[in-house]
Amino acid sequence: MPELPEVETIVNDLKKVLPGLKIRDVWTDLKKLPKNIKKEVVGRKILKVERRGKNILIHLDKSLTLLVHQKMTGHLLYGKWQKKNGAWQSAIPGPLRDPENRFIHLIFFLSNGWQLALCDMRKFAKVVILATEKIPEEFRNIGPDPFDKGLSFVEFKKIVRGKSGKIKIVLMDQSVIAGIGNIYSDEILWLAGVHPLKPAQKLKEEEIKNIYKAIKQILNKAIKARGSSYIDYRDAFGRKGNYQKMHYAYQQTGKKCKKKDNGIIKKIRIAGRSAHFCPTHQKL
DNA sequence: TGCAGTGTTGCTTC
DNA sequence: CGAAGCAACACTGC
């Protein structure tokens, strides 16, 4: 489930290999992909790769941008594949042959003989080509990045206090702050010591401050660990991340709280999704 | 064996 | 208007 740390990892990987290459051809079996994609991108040169929230932007020449949102099970891979018995198989041994990397649904063939592929078991990912100038409009509903210099505590407090609803839901709201999903909202609230069901408007100044600090601490730690590979996530070279080994709360149901407060991690459902927390130090 | 669980986003419904 | 539910989809595990 690629959230900010996973997208950041993939984007950093792709930054090392893609710029300067040209797209020579495109293959896909996705039905809902815009039909013009192939026509638009073939012959284009890749200039720059960047992240916006959980979105990946691949800037091309002729003022075009390829926008990829990996949604739940999508991840971009850089490698070489060949068709064998009707299925794409990695031509290179190693992590790309991990079974989680076998759901190849889109391939960009590059000018150096390598390929950029979208692996996406559930085919939820969004891939669109748009004029670079349309990006602000595309992202009109996306909030600041947690690492934006402009996002001071005062600003963050104002945003959070202005939202109704439970704090976990507010943290996952991409229009509030961009990049946090189910895994990291659990992790952030555990570290901040705030109950996921607490209404955002009822948070004390100190609690908001703890959340504000926890966001950066958790996300930085997860980026260093190259993201969470709870199930399917892999980096651009097909390798697992390591943050799932350090989870405090997410999927830790029944385990002892790592704060050593005798709490046992509990799992509840909030708005149809799982939430994990320690009832001892995360009080309502 | 069949069905619940897995989570992101946007759309629909109330 | 806001909150809740669901569809898009495929595979795993109980």
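The sequence lines fix the lettering, A, B, ..., with proteins before strands; numbering per chain opens at 1. Computed from a prediction, not measured in an experiment: that's the story for all the values here.
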Interatomic distance at C1', B:dT1 relative to C:dA8, whole Å
25 Å

So does A:Lys221 pair up with A:Glu187, basic N to acidic O under 4.0 Å?
no

Between A:Arg51 and A:Asp145, does any side-chain N to carboxylate O distance fall below 4.0 Å?
yes

Taking only the side-chain nitrogens and oxygens of A:His69, find out if one of them lies under 4.0 Å from OP1 or OP2 of B:dT8.
no

How would you label the contact of A:Lys163 with the nucleic acid (heavy atoms, under 4.0 Å): base, sugar-phosphate, or nothing?
nothing

For A:Asp29 and A:His105: C-alpha separation, side-chain torsions, deciding distance, then whether side chain to side chain donor-acceptor pair (under 3.5 Å) applies.
CA-CA 6 Å; A:Asp29 65 353; A:His105 291 293; 2.9 Å; yes

Provide, to the nearest angstrom, the distance between the CD atom belonging to A:Gln251 and the P atom belonging to C:dT12.
17 Å

Without decimals, in angstroms, what is the distance between A:Arg52 CZ and B:dT9 C1'?
17 Å

Phosphate-side-chain proximity, A:Lys71 and B:dT9, N/O vs OP1/OP2 below 4.0 Å:
no

Presence of salt bridge, A:Asp13 and A:Arg226, under 4.0 angstrom:
yes

Mind calculating the distance between CD (A:Gln244) and C1' (B:dT6) to the nearest angstrom?
16 Å

Distance-only donor-acceptor test (3.5 Å): side chain A:Arg122, base B:dT6
yes

Gap between atoms CD and P, on A:Glu6 and B:dT6 respectively (whole Å)
17 Å

Suppose we define a pair by two distances each less than 3.5 Å, Watson-Crick or G-U wobble; what does B:dA4 pair with here?
C:dT12

What does A:Glu3 touch in the nucleic acid at a heavy-atom separation under 4.0 angstrom: a base, only the sugar-phosphate, or nothing?
sugar-phosphate

Answer with base, sugar-phosphate or nothing: what part of the nucleic acid does A:Tyr233 contact at a heavy-atom distance below 4.0 Å?
nothing

Measure the distance from NZ on A:Lys123 to C1' on C:dA7 and round it to the nearest whole Å.
15 Å

Within the structure, does a side-chain N or O atom of A:Arg273 lie under 4.0 Å from either OP1 or OP2 of B:dT8?
yes

Using a 4.0 Å heavy-atom cut-off, does A:Gly272 contact any base of the nucleic acid, only the sugar-phosphate backbone, or nothing at all?
nothing

Using atom NZ of A:Lys166 as one end and atom P of C:dG2 as the other, report the distance to the nearest whole Å.
15 Å

Check this one for me: any side-chain N or O of A:Ser164 less than 4.0 Å away from OP1 or OP2 of C:dA3?
yes

A:Phe124-C:dA8 aromatic stacking (under 5.5 Å, under 30°):
yes

Pair A:Tyr184 + A:Tyr243: ring centers closer than 6.0 Å:
yes

Check the distance between C:dC6's C1' and A:Arg269's CZ and give it to me in whole angstrom.
13 Å

Can you tell me if the side-chain N/O atoms of A:Gln70 get under 4.0 Å from OP1 or OP2 in B:dT8?
no

Rounded to the Å, how far apart are A:Ile104 CD1 and C:dA10 P?
15 Å

May I ask you to say what A:Ser274 touches in the nucleic acid, namely base, sugar-phosphate or nothing, with a heavy-atom cut-off under 4.0 Å?
sugar-phosphate

In terms of side-chain geometry, is the basic nitrogen of A:Arg140 or A:Glu137 positioned less than 4.0 Å from the acidic oxygen of its partner?
no

For B:dC3 versus C:dA7, give the span between their P atoms, rounded off to a whole number of Å.
16 Å

Selected nucleotide, minimal atom distance to A:Arg102 side chain, candidates B:dT8, B:dT6, C:dT12
C:dT12

Within the structure shown, what part of the strands sits under 4.0 Å from A:Lys126 by heavy-atom distance: base, sugar-phosphate, or nothing?
nothing

Roughly how far apart, to the nearest Å, are C:dC6 and B:dA4 at atom C1'?
16 Å

